[in-house]
K.L.:
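My questions will all concern the structure given below.
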Amino acid sequence: MTSQEVRLCGLLLREHFGEVVEKVGTNLLRGGGQNLRSIIQETGVSLDLVKKSLCVLMQHGTCIFSPGRKGRGSPTEYHISCDLILKILRYPRYIYTAKTLYGDTGELIIEELLQRGHVTMSNIVKVVADRLTQTMEEGRSMDYKEVSSAFSKLVETHFLQRCPPMASAATKDNPATTEAPISTELLAPESFPDCYKVPQVTLVGRGKRQLEDPEDQSVAKKARMESVALGDEGIYWQVNFDRFHLHFRDQAIISAVANKLDQTSSEIVRTMLRMSEVTTSPTAAYTKPLSANEIFRSLPATYNIPRQVLDQYLSLLVDDPMEFVGKAGESGGGMYVVNLHRTLTNLARATLESVVQERFGSRSARIFRLLLKKKHLEQKQVEDFAMIPAKEAKDMLYTLLSQNLVQLQEIPKTPDFAPSRTFYLYTVNQLSTARMLLQNCYKTVANLIHRRLFETSNSKRLLEKSQRIEAILASLQAGGAEPEQLTEVEEMITAPEKQQLESLRLHINKLDSAENQVDETIFLLESYIHATATSSS
Amino acid sequence: MAGKGRGVAAFTFNIDALGIGRGSMPEARVGPDPLFPPTDFKPVPLKVGEDEDYMLALKQEMRGTMQRMPHNIKFKTNKADVEKYTQRYLKKNEVHDDEWTPGPKKKRVKISSKDTEDVLTKLNELEKKDDNDKSDEEQPKTKGNEEDEEEIEEEEYEEEQVEDNDYIDNYFDNGEDFAAGSDDNMDVLSWPSESKDIQGNSKLSILI
């Protein structure tokens with residue numbers, strides 16, 4: 001948990017959960033595991049507000065509790081991890097992916113789940129059905145069955161998973177339980193066999209609108225009081241972020257192939273990935289080998305390319321320096337694998353190169369690429385290979401060195417590191433440079449959020465005024481008013497104020513959009529670091 | 001020590017190995033990096049498209065919804081308490097000091113009716129005169145006021161001298177001849193003159 005991560009998490013907590021949760025959360029992030037009394041002392045927040053914020057954090061899966069470190073009888077400690085908080089940046093991407101895969105119903109299910117943390121299936125189905133009914137025309141409503149089927153599809157493809165049950169029945173916010181909870185840490189949800197089992201829920205009904213007749217509402221109230229147990233009490237569902245990340249990774253690989261080669265090759269790679277979705281574990285470096293025959297059979301019907309052309313495409317993919325696809329054998333017309341980790345490494349390397357190019361120019365980028373390729377080079381060799389005059393090459397190298405993108409490696413000729421008898425080689429360490437750039441990305445997003453809050457607070461008065469006028473307009477229109485009244489109300493905002501509002505909206509949109517797009521880089525670098533760390537360990 | 005003989009700016013190693021010459025040393029740093037350093041290259045513009053617009057809308061909607069949900073906890077700002085405190089604070093600061101609070105208007109010294117009549121008659125006479133310049137009218141008015149004040153003060157002053165005190169009046173030079181020109185300034189304390197304060201008591205009487 002670096003300081004940049006903590007700062008970004010604090011801002012995200014403030015925006016989404018309020019200032020109290022921000023205070024408690026940053027305290028836990030900075031101080032590690034703490035018990036309730038020390039949290040209250042350090043933050044100065046009252047007891048029940050601290051309890052509430054810990055509940056909120058636990059509801060969203062960020063906070064876990066564990067028995068105290070000093071043995072039995074010591075108060076429970078609360079730990080918080082910044083991973084789930086940083087994923088808040090990616091929520092729009094998750095919702096949009098669900099929309100492309102499962103339509104509006106899937107989108108709403110994922111959105112409601114992300115907002116609420118852990119929810120039961122019946123609850124979600126009701127809420128989503130109500131929301132969909134509101135957007136439909138009068139007289140039509142959404143059936144619970146459709147929503148349930150969308151929910152089951154999401155569970156089948158592992159986008160949703162059950163929350164692991166607590167071993168003890170202790171309430172989550174009561175630290176003074178007489179017996180400490182048995183589970184010492186939050187077990188991985190996948191270690192439970194029923195992780196992806198949809199419970200048998202008897203959900204019959206349709207979505208309700210909010211503005212229905214009062215008679216219907218009283219009927220609905222009676223129905224609610226009668227229905228006691230819907231069959232899934234205590235089974236909470238959460239979004240499976242790792243599955244979404246696998247999907248994003250596949251998307252990144254496919255789009256990289258499409259950019260580098262062409263549409264057909266990307267379709268071939270997409271087919272290969274789809275076939276190996278269920279057989280490949282999330283941390284695998286390669287997909288299971290697929291024979292060319294199988295690939296040929298599974299290609300989508302729209303792409304009827306002859307067998308020979310497919311073989312040519314596959315050999316092209318294998319020979320590509322980006323190493324998207326590798327050949328693992330000759331049986332079945334050639335066994336092919338998708339090199340997942342190697343592709344991630346190459347994508348991260350491309351990101352680093354583009355960062356250097358955009359910050360320092362294309363000649364510095366040439367030097368950087370050279371060092372990445374040749375690993376270690378002396379000053380003189382850099383000048384020769386890059387074909388850049390000595391003085392400029394020196395200058396660029398030292399700029400890169402001062403920005404820590406390039407490192408100096410000393411190789412002594414003698415046991416005493418005498419400078420006259422030591423080789424000084426320039427090198428680039430891709431993993432540590434990627435980590436450094438990831439921290440820069442976190443800092444960037446924190447700065448963007450900070451600037452957005454600053455802009456909003458500057459024009460607070462104006463925003464409030466425009467909100468009030470919109471509310472007045474809405475109420476007038478609902479009540480049926482003449483157009484003159486509406487224009488009169490609209491003219492309460494003067495023209496320069498309108499301009500100011502417009503430019504403010506533009507700025508805030510730009511800052512928000514920038515946050516979304518920096519998050520794409522963050523995802524790529526995080527996946528690369530994670531993949532390299534797991535493969536090397 | 002070895003470098004001192006040949007020249008102070010000698011390096012301990014062969015500088016050519018690093019590929020830099022003595023003249024191309026970078027400038028010494030004079031402080032921390034600037035907070036907003038000037039950039040040579042402008043950043044790449046943001047991606048624009050349908051997907052990005054949709055995700056932007058999703059993000060802003062989500063932020064709004066999350067802020068309205070019950071799990072968004074804010075600190076309780078007790079506005080009522082704040083006002084009570086300031087009111088209490090203001091009340092505390094009110095000092096009931098008779099000396100310094102401006103008293104009611106009845107304590108003002110009354111001008112005797114005889115003097116007002118004199119002034120009014122003078123004004124009437126001046127009004128009847130043929131005067132073009134208004135400032136001429138004003139000057140005699142102000143002078144008339146001053147003379148009245150001096151008469152009052154001199155009356156008080158003469159009353160004082162009748163008082164018995166141990167000090168011989170003629171022993172000390174009370175500076176009357178010195179400041180004979182300006183009789184208005186009776187407040188100027190010039191030791192060793194006998195000076196009077198506002199109520200007419202001799203200041204030296206305090207010493208007794």
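Numbers restart at 1 for each chain; the letters A, B, ... are given by sequence-line order, proteins then strands.
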K.L.:
What part of F360(A) is in contact with chain B, defined as an atom under 4.5 angstrom from a non-hydrogen atom: side chain, backbone, both or neither?
P.N.:
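Only the backbone of F360(A) comes within 4.5 Å of chain B.
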K.L.:
About how many Å separate CG of N516(A) and CE of M55(B), when rounded to the nearest 0.5 Å?
P.N.:
6.0 Å
K.L.:
Could you check which of Q517(A), H60(A), E19(A), E15(A) has the highest count of heavy-atom pairs closer than 4.5 Å to chain B?
P.N.:
Q517(A)
K.L.:
Quick check for you: to the nearest 0.5 Å, what is the distance between K510(A) atom NZ and L56(B) atom CG?
P.N.:
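Separation between the atoms: 12.5 Å.
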K.L.:
Where does M69(B) contact chain A at under 4.5 Å (heavy atoms): side chain, backbone, both or neither?
P.N.:
side chain
K.L.:
Where does V56(A) contact chain B at under 4.5 Å (heavy atoms): side chain, backbone, both or neither?
P.N.:
side chain
K.L.:
Given a strict heavy-atom distance threshold of 4.5 Å, which part of R90(A) is in contact with chain B: side chain, backbone, both, or neither?
P.N.:
neither
K.L.:
Taking atom NZ as the centre, does K413(A) end up with more than 12 heavy-atom neighbours from other residues, nucleotides or ligands that are less than 6.0 angstrom away?
P.N.:
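Counting neighbours around NZ of K413(A), more than 12 heavy atoms of other residues, nucleotides or ligands fall under 6.0 Å, so yes.
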K.L.:
Please list, chain by chain and in numerical order, all residues satisfying salt bridge (charged side-chain N to carboxylate O under 4.0 Å, His left out) with E520(A), sequence neighbours excluded.
P.N.:
K47(B)
K.L.:
Does any backbone or side-chain atom of R116(A) lie under 4.5 Å from a heavy atom of chain B? Answer side chain, backbone, both or neither.
P.N.:
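Just its side chain gets close to chain B.
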K.L.:
To the closest 0.5 Å, what do you measure between CE (M62(B)) and CD1 (I95(A))?
P.N.:
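The CD1 atom of I95(A) is 4.0 Å from CE of M62(B), to the nearest 0.5 Å.
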K.L.:
Rounded to the nearest 0.5 Å, how far does CZ of R63(B) lie from OH of Y91(A)?
P.N.:
14.5 Å
K.L.:
To the closest 0.5 Å, what do you measure between CG (L511(A)) and CG (L46(B))?
P.N.:
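Reported value, rounded in 0.5 Å steps: 9.0 Å.
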K.L.:
A side-chain contact here means heavy atoms from C-beta on lying under 4.5 Å apart; do F41(B) and R359(A) qualify?
P.N.:
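Contact flag for F41(B)/R359(A) side chains = no.
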K.L.:
Given the options Q60(B), Q67(B), K42(B), which has more heavy-atom pairs under 4.5 Å with chain A than any of the others?
P.N.:
Q60(B)
K.L.:
Mind checking the CG-CZ spacing from L58(B) to R93(A)? Nearest 0.5 Å is all I need.
P.N.:
13.5 Å
K.L.:
Could you pull out all residues at least two apart from E111(A) that satisfy side-chain hydrogen bond (donor to acceptor under 3.5 Å, both in side chains)?
P.N.:
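If we apply the side-chain hydrogen bond (donor to acceptor under 3.5 Å, both in side chains) test to E111(A), skipping adjacent residues, there are no hits.
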K.L.:
Need one label for D53(B): side chain, backbone, both or neither, based on atoms under 4.5 Å from any heavy atom in chain A.
P.N.:
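It is neither, since no heavy atom gets under 4.5 Å.
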K.L.:
Please flag which part of K99(A) lies under 4.5 Å from any non-hydrogen atom of chain B: side chain, backbone, both or neither.
P.N.:
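Just the side chain, heavy atoms under 4.5 Å.
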